[in-house]
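These figures come from a predicted structure and were not determined experimentally.
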Amino acid sequence: DHNPSNTRPIVTLVLIAINVAVFVLTAPWLGGMVDLWDQLALYPVAVAHGQYLWGLLTHMFVHAGLLHLGGNMLFLWIFGDNMEEEFGHLGYLLFFLACGLAASGAQLVSAPLSQVPTVGASGAIAGVMGGYLLLFPKAKIDIFIFLVFIIRIISVPAWIMLGLWFLFQLFGGAGSSADDGGVAYWAHAGGFVAGLVL
């Protein structure tokens, strides 16, 4: 984004570091502890029965693969610094965690008895994006476009990029079942709305 911040985004950097560390600790192909991954994931059916409640929080720091981690951390880096500057370090941390909990709630409502584990920081990051949309709607965001022989980077206002992203989540959620696994569209949408509200 073309929206520089004037403070060091300490919390954003720490969140990225924690996510990378947990990924290294749990990635099977890196010799990680798969049992730890299982323990930290969010299982809607377990939460519905009052079990593994810590997953509501810990799932935000576990990822399913390198692209999952990389994409989430890229979006956190792009949008997190400005939001951290607006909220202050502690306020931003509380905002991030609250958005992640709201995303968990949305996922639970969409499939309360699902046995498919939910992992990733994307619901909390969606909240950061929702807040960014409200506070910086005209900030320019660079988008990489790759269409066969056409490769371009274009800059668009944040409200266009983030608005379209949110619509994709709504359409994706309406067209899929949370029991199928894959993308947790309703967690993204719930986190985004929480970010706007908070």
[Y] backbone acceptor or donor facing [X] side chain under 3.5 Å:
X	Y	result
His59	Leu56	yes
His188	Ala103	no
Ser114	Ala111	no
Glu84	Ile10	yes

Pair Asp1-Asn82, side-chain contact (heavy atoms from CB on, under 4.5 Å): steps then yes or no: CA-CA 10 Å; Asp1 64 339; Asn82 299 113; 2.9 Å; yes
Pairing residues for Phe96 by the ring-ring contact (aromatic ring centres under 6.0 Å, His included) criterion, not counting sequence neighbours: none
By ring-ring contact (aromatic ring centres under 6.0 Å, His included) - contacts of Phe61 (at least two apart): none
Distance-only side-chain donor-acceptor flag, Thr12 / Tyr92, under 3.5 Å: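 Indeed, the side chains of Thr12 and Tyr92 share at least one donor-acceptor pair under 3.5 Å.
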Flag side-chain contact, heavy atom, 4.5 Å: Phe144 against Phe146: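 With C-beta onward as the side chain, the pair touches.
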Atom CG of Leu67 with >12 non-hydrogen neighbours under 6.0 angstrom: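 No, because the 6.0 Å sphere around CG of Leu67 holds 12 heavy atoms or fewer from other groups.
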Aromatic plane relationship, Phe79 with Tyr132 - under 30° parallel, 30 to 60° tilted, over 60° perpendicular: perpendicular
Chi angles and distances behind the ring pair (Phe, Tyr, Trp, His ring centres under 6.0 Å) call for Tyr52, Trp54: CA-CA 5 Å; Tyr52 292 95; Trp54 58 82; 5.2 Å; yes
